[in-house]
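Worksheet: the structure to be examined is printed underneath.
Reminder, nothing fancy here: chain letters follow the sequence lines and each chain counts from 1.
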Amino acid sequence: MSARYHSKLRIPEAPFRPRENPDYSFLHLPSPEDVAKPDCMADADTIRQLAFSMVRVLDDDQNAKGAWDPQLPVSELLEGLRIMTLTRLYDDRLFRMQRQGKLSFYVKCTGEEAIAVAQAMALRSGDMLFPTYRQQGLLLARGRELVDMMCNCISNSRDNQKGRQLPSLYSWKEGNFFSVSGNLATQFSQAVGWAMASAYKGEDHIASAWVGEGSSAEADVYHALLFASAYQAPVLLNLVNNQWAISTPQTVACGGTTFAVRGLGFNLPSIRVDGNDLLAVYAVTRWAAERARLGGGPTFIELFTYRAEGHSTSDDPDAYRPKDEWHSWPLGDPVARLKTHLIQRQQWSDEKQEELEYTLTEELTEAWGEAESYGSLQDGPHWPLSSMFDDVFKEMPAHLRRQRHQMEM
Amino acid sequence: MSARYHSKLRIPEAPFRPRENPDYSFLHLPSPEDVAKPDCMADADTIRQLAFSMVRVLDDDQNAKGAWDPQLPVSELLEGLRIMTLTRLYDDRLFRMQRQGKLSFYVKCTGEEAIAVAQAMALRSGDMLFPTYRQQGLLLARGRELVDMMCNCISNSRDNQKGRQLPSLYSWKEGNFFSVSGNLATQFSQAVGWAMASAYKGEDHIASAWVGEGSSAEADVYHALLFASAYQAPVLLNLVNNQWAISTPQTVACGGTTFAVRGLGFNLPSIRVDGNDLLAVYAVTRWAAERARLGGGPTFIELFTYRAEGHSTSDDPDAYRPKDEWHSWPLGDPVARLKTHLIQRQQWSDEKQEELEYTLTEELTEAWGEAESYGSLQDGPHWPLSSMFDDVFKEMPAHLRRQRHQMEM
Amino acid sequence: MASMNMVQAINSALDITMERDQNVLCLGEDVGYFGGVFRCTAGLQEKHGQHRVLDTPIAEAGIVAAAIGMGVNGLRPVAEIQFADYIYPAFDQIVSELARLRYRSSGEFYAPVTIRSPCGGGIRGGQTHSQSPEGIFTHVCGLKVVMPSNPYDAKGLLISAIEDDDPIIYFEPKRCYNGPFDGDPDKAAQSWNGHPKGEVPEVYYTIPIGEAAIVRPGSAVTVLTYGTMVHVAEAAIERSDIDAEQIDLRTLLPLDLEAVAESVQKTRRCVVVHEATRTGGYGAELVADVQEECFWHLEAPIQRVTGWDTPYPHAFEWDYFPGQDRIIAAMRCALEV
Amino acid sequence: MASMNMVQAINSALDITMERDQNVLCLGEDVGYFGGVFRCTAGLQEKHGQHRVLDTPIAEAGIVAAAIGMGVNGLRPVAEIQFADYIYPAFDQIVSELARLRYRSSGEFYAPVTIRSPCGGGIRGGQTHSQSPEGIFTHVCGLKVVMPSNPYDAKGLLISAIEDDDPIIYFEPKRCYNGPFDGDPDKAAQSWNGHPKGEVPEVYYTIPIGEAAIVRPGSAVTVLTYGTMVHVAEAAIERSDIDAEQIDLRTLLPLDLEAVAESVQKTRRCVVVHEATRTGGYGAELVADVQEECFWHLEAPIQRVTGWDTPYPHAFEWDYFPGQDRIIAAMRCALEV
Ligand SMILES: Cc1ncc(C[n+]2csc(CCOP(=O)(O)OP(=O)(O)O)c2C)c(N)n1
Ligand SMILES: Cc1ncc(C[n+]2csc(CCOP(=O)(O)OP(=O)(O)O)c2C)c(N)n1
Ligand SMILES: [Mg+2]
Ligand SMILES: [Mg+2]
C-alpha cells in the first residue's frame, strides 16, 4: 500500500449511525410562545429571525399556543386528522402491495403527513401544486379518488398516465397537481414560471412547490429562489427537511445552518416551521399564501420533519441510521400529536380514532379491489400497446407511426 | 390587437437608463471606521453583519482608516499602483489593437483594477487562481510577460494556447492561473474541487475563484457555495459586482439585498468590500486567505465596483445606461484613489505617475512589436495547422489521425 | 413585401405573434431593454412592454424552467439562449422536463415553449461562440428541431414554432443573420438585400414544420444541407458544374424523409453536409436513414462533409469550417463510380 | 480467479486502484457510508477512509465540477452519477469543461476524471431509471465513452479508465450487474456464477480502451452490440441458427473501427443493436461508419435494432426493449437478399 496523505478535509457526518444512540437534545426547539407572528406583508429584512428559529403551535404537551395558532375550527382539525390518517394507511397498504409484487416500487411519507395535508388545506383549489414524490397527502386532501391513485400506481387500463410512470409519480390535471418528475428538484423552478404567468395574466392563483432537503442542492432550487425573488412571483417554495436523502444525512446538504436561511440571500421571507405540527404548518402556509395573493411575492419555508421509514421500497434504512431513530425524534409523530391535541380538547378519543382507522381501512380495501379490477401491472389489462407512441408529440410524426407499425408486426 | 392582461408581475429595473441622471446617493456607504475587523477564525455566525455592510479602508478623502487598514509598506502600495496602471494601459492598448483589426475581440477591466491586483498581492504564488475574463490584473501582478499575454490574444505562433482561444481567455499553468472558460461561472465550483484536493493532500495551497455578479445566477455558484461549505474547502469565492452584466443591471441578479448575503445561507463568512479600494480588497483577501490556511474554510467575498467601459469590444454601453455613468460612481476610480492616497502621504506625485505611464507605455509598445513579430491573427504565422487536432485527447485516436490526414490533402 | 435580413425576419415573427396573441412573451439574457446581443428582440420591449419581453438572470436552466412553468400555465414563451454554446446548463430542463412532460403526464400537461438560439461559427467566436449542437437534440424524443437558412423561412418557421404545441429548439445560423454566407471569408460580405429569400412579407404567414425545400433540382447527386451550409453548398455546386440536387432540410426533427428519399432514389448518390463535428452528428442519422431507405438505389457511399472532431479553433476557423472545396471534393467522390 | 458479478468486479477495480494510488478517490450520492444504491462502492469507505469515498450533496453538476478541480490538482477522481438518467444536470460541466479543458488550454490543464453511471432499462425503473444516453456523449469531442458487458471487462476497463489521463464516461448496464440478461424477462434470472466472463482475477489487470472483442466468430452477418444487448444478441443468434459474427464494442469512443470494418467486409451484412432510442443514437454513427468503410462489400442495407423513439414506458417495458425477436428479424432481413 502506498503512502497516505494527511488529509485536512472536513467531512460532514451524520448525527448518528447504526448502533449509536440517537439523542437529538442538541436541537434548539423554541416554545410556541417564543416566536412572534409578523404581519404577512412585513418587509422581508425585518423578519429574518424566522429563518433561524422555528414556528410551532402545538407545544410539547400538544396544546395550541402562541401567536401563530391559526384557531382552526374543530371540524377542520378533524378533517386534517382524517386525511393524515388516511395518508398513513394508504401508504401502508400500497407498501404491502409492493411487497406482494403488485407495484414495482413505492415511496411512503410516513411521519411527514402534516406537511402535505396542512398545506393543501391552507391553499385554494385554484392554486397549482408542484410536488415531489412524497406529497401524496396533497392528492388525498384535494379529494383525488383512491381508485384513481391506485390505478396510477399499478399502470393499468385506468391509469390516467397510460402506464408510463413509476408508482408515486402522480399527475392530476383537474386537481391542479403537476406531474411529478423522476428528476429531483426540476419542478421547483418551473413553479416559479407558473406563478410568473399567473401574475402576468393578472390572476390570483398562486403556485406552491416542494423539494426535499437533499434535492435542494440541485441548481433548480437556486434558480427558483432567484427568479422568484427577481420577479416577486406569487409562489410558496417549500423545502421539506426530513433529515435524510436516501442514506445521506441533511448535514451534507445544509451548510451548517438552517435551510431556511438560504432564502435570506434573496431577501425572501424565510420561515422554519415544525413540520410535524399540522397547526403550525397550516398557519405558516396561510401566512405565505396571503402574502403572495396580496402581491407580497414568494416565501421560502423550511418544513422540519423526519423521514420515519426507508427512502422507498428499494432500501433498508437500518444500514445507515440507528434502528427506530424516529422514536427519538423530538418533534414526534404528526398524527399522534394532532390526535392527542383533539383528545385533550375533548373533541376526539382513542376509540373514535380506531373507528376512523377501521372505516378508512375498509375504504382502502374496497378501492384496491376496484383498482385491480381495471388491471394489474403484471397481467394487465393496460392501455392498448400502441398508445406507447402517443404523446411524444401532440400529433404523431411519420417516424413514430413507422415505428408503431413495426412494433405491431 | 388582442386584449391585454393586467399584469401584476414585478420587473426588476436598472437604477438609471440612457438620458437619465445617475445619482447613487441611495447607496449606503459606511465609513472605514464603522466596520469592525473580527479575528480571522471568528465563527461565521458571529460576523454576519459584514455581509450587509462594506469594508473600506480609504475614506472619501483617500486617507487610510479603521481596523481593516492592512498597513502595507509604501513599496507595496507603489507596486500595486504600478500594476493597476499597467493593467489600464494594457487594456487601452489591446482595445485599440482590436479596433485596428488585430484582435478578434477584447474585454477591458477598467475601473476594476484594484480587485485582481490587490488579490494577487494578498495571495501566495502557490495558490491557484480560477478567474473570469476580467481578471487580467492577476497575470500582470504575477509577472506574466506582456509579450506572452499579447501572443495569446492574437493566436500567433507563440500563443501558449496554440491559437485556440478568444482573446481575454488566458491560461498560464506555471503562474497557477487556470484556463479561463468561455462558459460563465463553471470555474467557481471547479475551484472548490481544487481546494478540496489541496486539503485532501494535506497541502497549504488555497484556491481563489472569481465570478461576475451577473454570472452568479448560474448553478455553479450555488454548487461552489454548497460544496465549499460542506467540506470546508480552503477557497476564496469572489463575486465581482460591477453593477452590469452586458446590458443587464445587477438588480436582475441580486434579489434585492447584497450579493454577500447569499453566503450566509451556507454559514460562510461573507464580506462585502469596496472593490475600488486596493487597501480594503487586500485586507479582506488577506483575512480570508489566512482563515483558509489555518483550516477555517471558505470565505465568500462581494467586491463592489463598477464596470467603467462597455462589456467588451462587441457592445456600446450608451445604448443601455447613461453615458459616463461611471463618473457618478460614488466609489470612484481605483487608480486615481490610490494615487491620491500616496500623493497625500507624500510618497508619489502627478509627475511620477506621468513618468510611470510613459515608461509603461513604452514597454507596451515594445512588447506589442515583439508579439507581432511572432505572427498576427490574420496572417500568421500560427501554430502548424495540423496542431488543430492535438490535445483533443492526450494521444490522438485513429479517427482524428484520419481527419487530420484528410484535412492535409 | 420588404427586404429583411434574418434578424429582422425573426424580429418580425416575434412582433407579429406577440401582437396576435397576448400569451406570447419573450425572455432571455439581454433580450429586453437592449433587444438582444444580436438585436433579434430589438424594439419589442418598447412596443409590447416590460412584462412581455423579460431580461432574465444569467441562468439558462432557470430561463427554460420558467418558460416551462409559463407554458404549463397557458402562455407561449419564447426563450432566447444567447449562444447555442450556452444551452448546456439548461440541458436537464430541456431533456428531462420540456421534452418529456407531455409523454410522462399522458397529455395532461405540456409546455409549448420555443427556444431560440444562434448557432454555428465563422464569426471568429472561438470554441464557445461557434457550436452547432443540433445533433444532441435530435436524439431527444419529444423535441422538434428547426434550423432555417434564410429570412423568409426564418420568419415563417418561427411563427409556426411559436404556434406549435410541442417544444421546439429553433437554431439560428448566426453567420447568415446579415447575408447568405457562401463559405468564402475573403469575399466581400453579401447582404440579404436582393436575394429572393430576403424578400419577406411584413404580414403573418407560416411555413410548416417538417417540410424540406429543394434549393436546386438536379440529377447527379443529392446534397443534404441546412443552416449556413445551404449557401456554402449552393456556391460549391455552382462552382463545380455538377448537376446536384440540393435540399434544405429546414426541420431536422421530424425529418422530411420522404423528400430526402425521393431525391436520392432519383440521383442515386448522396452527400450530407453540416458544420457540427462529425462523430455522432446529425449527419450520421441522415446517412443511416438514407442507406435504409435507398440502399438499393445507391451507387456510391454516402459522403459526410462536416466540422472536424475538435472544438472550434479560434485561429484555424477556416480550416475547420467545411467550405466549398470540401463539398466539391465530396460530390466528386460520390460521382467517381 | 474468483467468481464475481459486475458489481463486485467494479468494486474490485475501485479498491485496487485506490490501494495502488492515493490520488484515486470516489465521490457521489450515497457512495460513502452506504456504499452506493447499487453497492458498487460497498466497503470502500470503511477500508479507505471517509476522505477517499465522499458522500456528496445531490448536485450532479457540483460533483463533476469538484471532480474536475480535483483532477486539475493531481487527483484521479471517480465520480458516480447514481443513474445515467441524472447525468444531464452535469451536462455543461462535462461537455463545456471536462471534455474541452485539455484542448482549450493546449494541454496546460486536464482532468483525468472517470464518471461511472448505471444505464439501461429492464428493471421496471420507468423512464427516469432506464435511459441509455451514450449517443449524446459520443458526439462530444474530448470524451471517451466505455460500456462493458460483463464482469471481466468491467474490471479491466474501469482500471484502464481510472489510469487514463483523458476524461471517460463509463456506463454500467445495470440489467447485467447480477447476471448476463438475455432479454427474456420470463426466464429465471441467470447469475454470473459459472459464466466464463464472471471469472475475474482478484488482482490488477487492464483491458485497453478502444478495443472491441469478438463475442462469436461467424460468416453470415456482423452484429454490432455493447452493454446489455451483447447478451440479448448472443441468445438471439443462438436461437436463430444464423452463423453471425458478433462484436462487443466495449469502447464506443474511440471506436475500434478496424475490427468492425474487417468483420463487415467479411460477412458483407451488418446489424447494429442498442437499447437507446433510435434517431440520432450511437447506432446511426455505426451505420454511417460501416457504410463509409464497407460500402462496396455490403449486400444488404444495414439494419438498426434499437429502443423506440419514446421515453422508456413503465408498463410496456418489454415491448420497448429491443429483444431477441427483433434482433432475429433484423438478421433475417439483412440476410434476405
Ligand atoms: C437529478 C436526480 N439525482 C438523483 C436522483 C436519485 N434520488 C432519488 S431520491 C434521492 C434522495 C432525495 O432526498 P431528499 O431530497 O431529501 O427527499 P426525500 O427522499 O427525503 O423526500 C435521490 C438521490 C434523482 N431522482 N434525480
Ligand atoms: C453560460 C453562459 N451564458 C451566457 C454567456 C454570455 N455572456 C458572456 S459575458 C455575459 C455577462 C456576464 O456578466 P457578469 O457576470 O456580471 O460579468 P462582467 O462581464 O460584468 O464582468 C454573458 C451573458 C456566457 N458566456 N456563458
Ligand atoms: Mg430528505
Ligand atoms: Mg458584472
If I take atom [atom1] from residue [X] and atom [atom2] from residue [Y], how far apart are they, to the nearest 0.5 angstrom?
X        : Y        : atom1 : atom2 : answer
D:Phe295 : C:Gln303 : CZ    : CD    : 10.0 Å
D:Gln127 : C:Arg100 : CD    : CZ    : 6.5 Å
D:Asp92  : C:Glu60  : CG    : CD    : 8.0 Å

Handout entry: Contact winner vs chain C - D:Pro313, D:Ala90, D:Gly135, D:Ala300, heavy-atom pairs under 4.5 Å
Key =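 That would be D:Ala300.
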
Problem - Top of D:Asp309, D:Thr279, D:Thr310, D:Val287 for chain C proximity - count of heavy-atom pairs under 4.5 angstrom - result: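 It is D:Thr279.
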
[X] portion near chain C, given a 4.5 angstrom heavy-atom threshold:
X        : value
D:Tyr88  : both
D:Glu293 : neither
D:Glu299 : backbone
D:Trp308 : neither
D:Leu298 : both

Handout entry: C:Glu262 atom CD: more than 12 heavy-atom contacts under 6.0 Å
Key =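 For C:Glu262, atom CD is not crowded (no more than 12 foreign heavy atoms under 6.0 Å).
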
Practice task
Determine, for C:Arg278 against D:Asp289, whether the closest basic-nitrogen to carboxylate-oxygen distance falls under 4.0 angstrom.
Solution key: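 So C:Arg278 does not pair with D:Asp289 through a salt bridge.
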
Taking every non-hydrogen atom, the tightest pair across [X] and [Y]:
X        : Y        : result
D:Gly280 : C:Glu285 : N-OE1, 2.6 Å
C:Cys141 : D:Thr277 : SG-CG2, 4.2 Å
C:Ala284 : D:Ala288 : CA-CB, 4.0 Å

Exercise for the section: Ignoring hydrogens and angles, tell me if any N or O in the side chain of D:Gln291 forms a donor-acceptor pair with the backbone of C:Ile302 under 3.5 Å. Expected result: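 Yes; at least one donor-acceptor contact below 3.5 Å.
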
Exercise for the section: Go through C:Tyr86, C:Trp296, C:Phe91 and name the one with the most non-hydrogen pairs under 4.5 angstrom from chain D. Expected result: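 Ranked by heavy-atom pairs under 4.5 Å with chain D, first place is C:Phe91.
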
